[in-house]
Every structure is written in structure tokens, then in C-alpha cells.
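Sequence positions, counted from 1, serve as the residue numbers for this chain.
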Amino acid sequence: MARRAIRTDRLIAVLGAAVLLLGAVIVWNTARASRPGFVEEPPARRVLRQAREQLGRTAEIRLLDEGRGRVVCGYVGRRGESGAWSFISRPNRIMMSDDPLATEFQAMLRADCPNLPKAPPGSAAP
């Protein structure tokens, strides 16, 4: 009986060491894989992507102005057209001046982009 208990104790010790080793390998691989980190899309590329989603492939940036934090403001239009829309771009959403929530747009514009220049003539911007 005593001999069987020794084997069981050894088995428990070996399995415990294997579990610890496996855990260390998993932690090491996870840490190594996450080193590059999340790279945020540059603001100009983000605005162009968001504008093209709403205005079509011919959308272009007319003016880009940094707002507070990760907010970017400015004017976008369509290539070949003179009109422009003011916008407020956040990493996950763009809001245009012709948005149905005009009051919210104006409040965000005052809060996040106080230095945005006046809209060019013939634009849909407020």
C-alpha cells in the first residue's frame, strides 16, 4: 500500500508541474502576440472612409481640423461638385451637417470643434 501512495504522489506532482508549464507557455504566447498592440486608423484615412460610406466613392476631404480628443472636424464634398458638408468624425461614427439631429450636431460642433473655420460659400454646412 505504501508503494502505491508514492506513485500517486509522484503522478500528482508531475501533472501539477505539467499544468504550471502549460500555463506559463500560454501566458508567454499571449503576451508575445499582443505586443504590436492596436494601431488606430489615421484621422484623414478614417474621415475619407466614413465620408465615402455616406456620400459615395467620389467623396473627398476639403478641410480637416483637429477637434478635442480623437475628434476630427472639417468639410467634405463630392469630386466635381462645389458644395460641401461640415462633419464631426469620431473613431466609430461620422456626423454630417445635413443630419436630422441638427441640434445635436450644433452642440457637438461647439463643444468639440470650436475653431472650425466658417463654411465655404454654396455648402450645406451651417
**Student:** Measuring only between side-chain heavy atoms, which start at C-beta, is I94 closer than 4.5 Å to I88?
**Tutor:**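 Contact flag for I94/I88 side chains = no.
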**Student:** Which heavy-atom pair separates R46 from V71 by the least distance, and what is that distance?
**Tutor:**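 So the two residues come closest at NH2-C, 4.5 Å.
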**Student:** Rounded at 0.5 Å granularity, tell me how far CG in L109 sits from CD in E104.
**Tutor:**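 The distance works out to 13.0 Å.
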**Student:** For atom CD of E66, is the number of surrounding heavy atoms from other residues, nucleotides or ligands below 6.0 Å larger than 12?
**Tutor:**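 At most 12 heavy atoms, drawn from other residues, nucleotides or ligands, come within 6.0 Å of this atom.
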**Student:** For the pair M96 and V76, evaluate side chain to side chain contact (heavy atoms under 4.5 Å, CB included) and give the outcome as yes or no after the intermediate values.
**Tutor:** CA-CA 9 Å; M96 303 279 203; V76 292; 3.7 Å; yes
**Student:** Taking all non-hydrogen atoms of both residues, which atom of V72 and which atom of P43 are closest, and how far apart?
**Tutor:**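 In this case the closest contact between V72 and P43 is CG2-CB, 3.5 Å.
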**Student:** Could you check whether E60 pairs with R62 (Lys NZ or Arg NE/NH1/NH2 to Asp/Glu carboxylate O, under 4.0 Å)?
**Tutor:**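 Salt bridge flag = yes for R62 with E60.
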**Student:** Measure from the side-chain N and O atoms of R49 to the backbone N and O of A44, and report whether any donor-acceptor pair falls under 3.5 Å.
**Tutor:**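 Flag not set: sc R49 to bb A44 has no pair under 3.5 Å.
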**Student:** Which heavy atom of L55 sits nearest to which heavy atom of R78, and what is that distance?
**Tutor:**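 Reported closest heavy-atom pair: O-NE, 3.0 Å.
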**Student:** Quick one: CG on L116 to CG on D65, what's the gap to the nearest 0.5 Å?
**Tutor:**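 Taking CG in L116 and CG in D65, the distance rounds to 5.5 Å.
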**Student:** Rounded to the nearest 0.5 Å, how far apart are CZ of R52 and CD of Q50?
**Tutor:**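 If I round to the nearest 0.5 Å, the distance is 13.0 Å.
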**Student:** Rounded at 0.5 Å granularity, tell me how far OG1 in T103 sits from CE in M108.
**Tutor:**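 Answer for the OG1-CE pair, T103 versus M108, is 12.5 Å.
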**Student:** Do the non-hydrogen side-chain atoms of R68 and C113 ever get within less than 4.5 Å of each other?
**Tutor:**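 Of all side-chain heavy-atom pairs linking C113 with R68, none is under 4.5 Å.
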**Student:** Distance-only, no hydrogens or angles: does the Y75 side chain make a donor-acceptor pair with backbone N or O of P117 under 3.5 Å?
**Tutor:**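 The answer is yes, because a donor-acceptor pair under 3.5 Å joins these two groups.
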**Student:** Closest heavy-atom contact between D98 and W85?
**Tutor:**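 Residues D98 and W85, closest heavy atoms: OD2-NE1, 3.4 Å.
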**Student:** Hydrophobic cluster membership, with links at side-chain heavy-atom distances under 4.5 Å among I/L/V/M/F/W/Y: are L101 and F105 in one?
**Tutor:**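 As far as the 4.5 Å side-chain criterion goes, F105 and L101 are connected within one cluster.
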**Student:** Can L11 and R7 be said to form a side chain to side chain contact (heavy atoms under 4.5 Å, CB included), step by step?
**Tutor:** CA-CA 6 Å; L11 181 62; R7 288 185 186 162; over 6 Å; no
**Student:** Is a side-chain N or O of R70 found less than 3.5 angstrom from the main chain of R90, in a donor-acceptor match?
**Tutor:**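 No, R70 side chain to R90 backbone: no donor-acceptor pair under 3.5 Å.
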**Student:** With side-chain contact (heavy atoms from CB on, under 4.5 Å) as the test, pick out the partner of V47 among P42, S89, C73.
**Tutor:**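 Running side-chain contact (heavy atoms from CB on, under 4.5 Å) over P42, S89, C73 with V47 returns exactly one hit, S89.
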**Student:** Find the distance between CD1 (I12) and CG (D9) and round it off to the nearest 0.5 Å.
**Tutor:**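 It is 6.0 Å, given to the nearest 0.5 Å.
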**Student:** What verdict does the side chain to side chain contact (heavy atoms under 4.5 Å, CB included) test give for F87 and L64, after you've listed the backbone C-alpha separation in whole Å, the side-chain angles of each residue and the deciding distance to 0.1 Å?
**Tutor:** CA-CA 9 Å; F87 69 86; L64 204 60; 3.8 Å; yes
